[in-house]
Structures are given as C-alpha cells and as structure tokens.
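Right, one structure below, let's go through it.
Atoms within each ligand, like the ligands themselves, are counted from 1 in listed order. Predicted model, so just to flag it, every value in this text is computed and none were measured.
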Amino acid sequence: MKDLQIEKLIKAEEKRQKSVVNLIASENYVSDDVLKALGSKLTNKYAEGYPGARYYGGNEVVDKIENLAKERALKAFKLSKKTWGVNVQPLSGSPANVAVYLALVPVGGKIMGMSLDHGGHLTHGHKVSITGKVWDQIAYGVDPKTERIDYDVLKTLAKKEKPNLIVAGFTAYPRKVDWKKMREVADSCGAILMVDMSHIAGLVAGGAYPTPFKYAHIVTTTVHKTLRGPRAAIIFSKTELSKKIDKAVFPGMQGGPHINQIAGVAVALKEASDASFKIYAKQVIKNAQALAKELQNLGWRIVSGGTDTHLLLVDTMSQGISGKEASDRLESEGIIVNMNTIPNDRRKPMDPSGIRLGTAGETTRGKKEKDMIALAKRIDKILKS
Ligand SMILES: *Cc1c(COP(=O)(O)O)cnc(C)c1O
C-alpha cells in the first residue's frame, strides 16, 4: 500500500484481532476467499437496478454474480425459487429491515417487536431508530420467570393491538423460537410474520437450529454473524411479496448495490452449503453450552438457565459486578465481550446487569468444549479477583 498510515492501522487491527479471545456474539472471521471478493475490482462498478434491468451499461458480468448469489442463498436454506424470492442487495441488516417495513407497513402502521432491553434490535421499532419514528412499535418481552417467550401473552397482545407486521428474531435471545407458534400469533391478527434471523442464520444453514422458512412470510438476515460472510444482508420473501420488497430496496432505500460485497456473500453462501459447515454450526452451539455450563458450575447465573444457540447472557450482578465493569475487566485481560441488559434489567443500558458471550468467532478459530471450560475458569478468576 502507498498509504502507509492506513496500512499501519490495518496491520495493527489484524494484530489486535489475533491477540484477543473474541466472544462478541455478532462477530466472526471470514475466509480469505471472502476477503478476496471484498477487495476486488468489482467495487468499481455501478449497477443500479436488478440483473437484466440495470440503469447503467456494462453489467453482463455483474448480473451473473448477483444471480449466482441469489441461487446460492436459496440453496443454502433449501428453498425453492417457486415459493421464495431473494434480494441480496441490502447493504446491512438495518437497511434490510427498514426496506421490509417500507414495502409492507404503511407509514404510522404498527410493528410488533421485542423491546431492546429484552433482546430485540433497534430496528424492530425502537424509538431512537427510524423504525420507531416512522412506525409505531408494539413492544413485547420475555416472561419474567422463565426468561423465555410466552406465546399466549404475545397472542393476547397481537389481538389487542392488531399490528401490521410482527418481527421475530433477536440479538440476545439464547433459546429456540417456536416458529409455528409465532406464525399462529401473526395469523391471530392477520399480521405479516417477519423473521430476522441475523444472529442464527449460520446455525439454520448448518441444520443446528430450527428453520423459520416453513412459517415466515419474510426472512431477513445479516451475512456477517454466524453465517460467516461479509457485512451485508439478505431479504427472503414469499414470491407474492417479492416485487414490493425489490422496489423498496431499490429505489426505495438504496442506490447502487455493492457488487464486491455481493460477490463476498456468494462465496460465503457456498461455504455455508458445504458439509463442513454443518459440523461448524453444531460445534458453535456445543461450545456455547459448555461455556454456559462451566460458568454455572462456578456460580454465575445464566439468563434462562442456558442456551440453544451460539450466545449466552451472564447475569454478572448475580456475583455483584455490573456488566460494564465485567466487560472492562475482561478486556484488560484480552477477552472481548459486550455488556448487555438482561430481561427486566433494573440498571441502565450504559451500565447494565450482564454481559453477552458468543462462540461463533472462536469456533471458527478451532476452539472446542475443553477450551471453553478453561475459558470459563479464566473469566471467573478475572471477575472474582
Ligand atoms: C445485527 C442485527 C441487525 C443489524 O445489522 P447491521 O448490519 O448492524 O445493520 C438487525 N437485526 C438483528 C436481529 C441483528 O442481530
């Protein structure tokens, strides 16, 4: 690189990434092939529109790339072109979700989503997000005792509020979601069911977590979490809704798609369709469960009593330490986590009662259950010292 300043910083970040234990649940490590696609000359091309219908010339190669990404997206989740449409242009998870609402919910309409402090995402209608300003959030949470979703409570709320769309999918919910029951909740009030599987997409692709496609009208996902691809998002829609979705992504939300990123998505989806990815997805969950169990053995309360996914929430206040302090102390010892609210948290988001741990990244780096047990012991020692 001629730009020595930036080159030095890239090197420094690479070194940092190598030197830490990374338990951030939303991060992962992409393959060299994904990096190659991202860093390719595809970034030079403008391609507003869709394959076969672009507003610029010179797209004969780019069309093939986007079509391949779409094909691979369907294949990775075992979907038929007859019933599912797919859009690979969203620049990231947040704009993908906004595009869905733009397509399907009238301005001022109601979006029923999990509140942020119970494990929802900002783009599920939180008031600081555009999704809470243009649309009205009907917030739901988890049961205070079980810390799991109570579908009967959701159904009562849905019948009372009659939302246009229900979002199922979370950033900090460690348990399996009963997609069938979610669909029943949506049907009870005639709402569209949108599953935001951003966190768990890789687990679904690897067959280690129940697929939502049998019950959802729309499925959105980021590509960069458990799916282990570049920062990007995909929207799947039942074919009768796909035209509206495509129009909302472009020209509704975005201009030209990032073709280098779409090529990276295609590479990641091929990797996720490989038999080895099944083993990876299973190992991610086994590692999270081993980590949770050992922390429990050492006296830490795990929200909902454990995990069925790649992530767990540790109630650090159960040992008298706040989430922020826990996160800071771990970071000073080279373990990177994020502080997180726990359901019904009495503390504030900037200094909540817990931390969120995820195993997707460290599993990519080859870690197994025994490493997780050792890691739990290290975490325990750091936090109790
Ligand atoms: C990460 C995430 C998003 C947002 O993705 P960005 O790429 O950060 O915009 C949306 N929804 C859920 C559930 C997520 O976990």
Next item on the list: Could you tell me whether D308 and R175 have a side-chain N and a carboxylate O separated by less than 4.0 Å?
Entry: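 Result for this pair is yes, salt bridge flagged.
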
Check: Are E184 and K180 ion-paired here, with the side-chain N under 4.0 Å from a carboxylate O?
Finding: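 Yes, charged N to carboxylate O under 4.0 Å.
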
Next item on the list: Check ring pair (Phe, Tyr, Trp, His ring centres under 6.0 Å) between F236 and all other residues, then give those that pass, not counting sequence neighbours.
Entry: F77, F213

Notebook entry, point to check: Residues two or more places apart in sequence or in another chain: which of them pass side chain to side chain contact (heavy atoms under 4.5 Å, CB included) with Y151?
Noted result: I149, V177, D178, K181, M182

Item checked: Separation of I355 CD1 from E325 CD (nearest 0.5 Å) -> 11.5 Å

Contact table ligand 1 N or O to protein N or O, d under 3.5 Å:
unit_1: ligand 1; atom_1: 7 (O); unit_2: S92; atom_2: OG; d: 2.4
unit_1: ligand 1; atom_1: 7 (O); unit_2: G93; atom_2: N; d: 3.0
unit_1: ligand 1; atom_1: 7 (O); unit_2: H224; atom_2: NE2; d: 3.4
unit_1: ligand 1; atom_1: 9 (O); unit_2: G93; atom_2: N; d: 3.4
unit_1: ligand 1; atom_1: 9 (O); unit_2: S94; atom_2: N; d: 2.8
unit_1: ligand 1; atom_1: 9 (O); unit_2: S94; atom_2: OG; d: 2.7
unit_1: ligand 1; atom_1: 11 (N); unit_2: D196; atom_2: OD2; d: 2.6
unit_1: ligand 1; atom_1: 15 (O); unit_2: K225; atom_2: NZ; d: 2.7

For residues 254-261, dump all side-chain donor-acceptor pairs below 3.5 Å to protein atoms at least two apart in sequence or in another chain.
unit_1: Q254; atom_1: OE1; unit_2: L91; atom_2: N; d: 3.0
unit_1: Q254; atom_1: NE2; unit_2: Q89; atom_2: O; d: 3.0
unit_1: N260; atom_1: ND2; unit_2: L38; atom_2: O; d: 2.9
unit_1: Q261; atom_1: NE2; unit_2: L91; atom_2: O; d: 3.0
unit_1: Q261; atom_1: NE2; unit_2: R231; atom_2: O; d: 2.3

